[in-house]
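Structure first, commentary second.
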Amino acid sequence: MAAEGGKIDPMHQFMVEPLFGNSLTLGGYNIAFTNSALWMVLTLVAIWVFMLGGMKRELVPGRWQAAVEGASSFVSNMVHANIGPEGKKFTPYIFSLFMFILVANVLGMMPVGIVPHVHPFTVTSHITVTGVLAIVSFSMVLIVGFARHGLHFFSLFVPHGTPALMLPLIVPIELISFLIRPFSLGLRLFVAMTAGHILMKVLAGFVIGGLNAEAAWVAPVVGLPVFVLMVGISVLELLVCAIQAYVFALLTSLYLNDAVNLH
Amino acid sequence: MPQLDQILGTYASQIFWLLVVFGTIYLLIGKGMLPKVEQTIEARDRQIAEDLAAAERARVAAADSEHGWQDALEAGRNEAMRTTQAAKDAAAKASAIRLADVDVALHAKLAEGEAAVQKALASAQADLESVGSELTGDLVARLSGATITDAKISKTVKAVMGNA
């Protein structure tokens with residue numbers, strides 16, 4: 001939230017800045033520890049702390065343990081419903097994916113900006129991050145598919161009962177819809193988070209601009225309704241955080257189902 | 001949009017740290033902690049299923065033992081009724097025997113009494129006849145002076161008494 005000339009730049013929140021200098025390199029690549037990396041680590045720590053509550057392993061769970069078990073059985077039920085009993089070995093990956101996206105989304109929504117010089121950063125609003133996650137998921141589908149079915153995996157592009165006459169048309173469509181998956185997977189999350197955060201910042205700019213306006217009527221007429229709207233949008237954004245994490249995990253498990261069970 | 005403007009400068013760092021963090025999450029949490037949570041859930045489900053089965057077994061056992069108890073109760077009641085009936089029958093039989101005995105004894109006593117009464121009556125009659133005869137003889141002798149043989153008197157008296 002850089003106030004440049006009294007204006008709030010809604011894009012500034014997405015800036016990646018090195019925290020401890022720009023000198024860390026690995027094999028010629030710059031791998032400086034940035035605010036993005038910091039929020040990834042915070043996500044890791046948050047998930048780890050959350051999961052610690054599930055390590056009590058009591059027969060009658062307390063609230064925390066029940067929450068951890070609820071999250072893990074939510075994911076394992078989803079995996080089981082979509083992939084079947086063979087999907088059990090993918091549960092750790094889907095769970096990690098779901099928790100990482102969910103917690104990263106929610107952490108980005110936390111109002112830590114009220115502390116001076118602390119800026120929240122939403123890791124999942126970066127196409128680099130969501131793209132890597134999508135590529136990992138898609139690679140997993142390809143590896144599992146070809147490992148289990150060999151070249152027979154290509155029959156994925158021929159739906160059951162397709163007349164031979166239609167094959168020249170159906171196969172390219174199926175192929176393109178298959179190849180578009182990593183892009184739609186990565187872009188969906190990136191766009192949803194980016195758009196939500198831009199909207200929040202624009203609205204926040206209205207509220208602040210209204211309060212700073214010279215005309216006294218602007219604050220109650222513009223600032224207050226927009227503030228009320230922001231409260232609603234914040235709740236909606238929290239919902240989007242959960243839905244996007246769910247959609248990403250759900251689609252990954254559906255794609256893995258194609259690879260494991262091959263229709 | 002910084003995500004695209006900065007991408008050439010930051011992609012390596014982002015990808016590196018994402019792989020480090022996500023790999024850690026996958027290994028530490030997905031592979032390390034999640035299975036334990038799932039085991040806990042499975043152990044609990046198993047325990048609940050076992051407890052339910054044990055409760056079902058206990059319920060069946062209780063029903064069985066209740067059944068057995070009912071049977072024993074029934075048998076006991078029947079036994080008691082049989083015993084009571086036998087005792088009743090035995091008592092009735094014993095009292096019938098005693099009653100018969102007493103009846104026989106009473107009959108004997110009655111017959112004896114009757115015989116005694118009969119005997120006394122007969123002897124009284126005989127006495128009466130002899131007294132009557134004597135009295136008649138005396139009366140006849142005193143009134144008429146005639147002497148009648150005892151045999152004739154007693155015959156007449158007998159005839160008169162027999163008519164009376």
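FYI, side chains are in, hydrogens and waters are out, and symmetry mates aren't considered; it's all heavy atoms of this structure. A note on names: the letters A, B, ... follow the listed sequences, proteins ahead of strands, and every chain is numbered from 1. Predicted model only: the values in this text are computed from it and were never measured.
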Near [X] [atom1], under 6.0 Å, is it more than 12 heavy atoms from other residues, nucleotides or ligands?
X	atom1	answer
B:Gln70	CD	yes
A:Tyr29	OH	no
B:Lys155	NZ	no
A:Phe146	CZ	yes
A:Phe206	CZ	no
A:Glu17	CD	yes

Quiz item: Among residues 30-39 of chain B, which residues come closer than 4.5 Å to chain A, judged by heavy atom distances?
Solution: B:Gly30, B:Lys31, B:Met33, B:Leu34, B:Lys36, B:Val37, B:Glu38, B:Gln39

Quick one: what part of [X] sits under 4.5 Å from any heavy atom of chain B, side chain, backbone, both or neither?
X	result
A:Phe190	side chain
A:Met51	both
A:Pro61	both
A:Ala37	both
A:Phe95	side chain
A:Thr25	neither

Quiz item: A:Phe100 and B:Phe22: aromatic ring centres closer than 6.0 Å?
Solution: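 Yes, close enough.
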
Taking side chain as everything from C-beta outward and backbone as N, CA, C, O, which of these in [X] sits under 4.5 Å from a heavy atom of chain A? Side chain, backbone, both or neither.
X	result
B:Tyr11	both
B:Leu28	side chain
B:Gln47	side chain
B:Leu27	neither
B:Leu19	side chain

Practice problem: Indicate whether the side chain of A:Thr194 and that of B:Gln3 have a donor and an acceptor atom separated by less than 3.5 Å. | Solution: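 There is such a pair (donor and acceptor under 3.5 Å, judged by atom type) between the side chains of A:Thr194 and B:Gln3.
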
Most heavy-atom pairs under 4.5 angstrom with chain B, which of [options]?
options	result
A:Ile127, A:Leu24, A:Val129	A:Val129
A:Thr128, A:Val132, A:Val16	A:Val16
A:Val75, A:Leu59, A:Leu52	A:Leu59
A:Val60, A:Leu97, A:Ile94	A:Leu97

Quiz item: Just wondering, do B:Thr10 and A:Ser36 contact through their side chains at under 4.5 Å, heavy atoms?
Solution: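 They are not in contact (no side-chain heavy atoms under 4.5 Å apart), so the answer is no.
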
Quiz item: Would you say B:Val21 and A:Thr43 make side-chain contact, with heavy atoms under 4.5 Å?
Solution: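 No, too far: nothing below the 4.5 Å cut-off.
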
Has [X] got a side-chain atom pairing as donor or acceptor with [Y]'s backbone, closer than 3.5 angstrom?
X	Y	value
B:Arg44	A:Glu58	yes
B:Trp17	A:Ile31	yes
B:Ser13	A:Asn30	no

To the nearest 0.5 Å, what is the distance between [atom1] ([X]) and [atom2] ([Y])?
X	Y	atom1	atom2	value
A:Met15	B:Asp5	CE	CG	8.5 Å
B:Ile29	A:Met99	CD1	CE	8.0 Å
A:Met40	B:Thr24	CE	OG1	11.5 Å

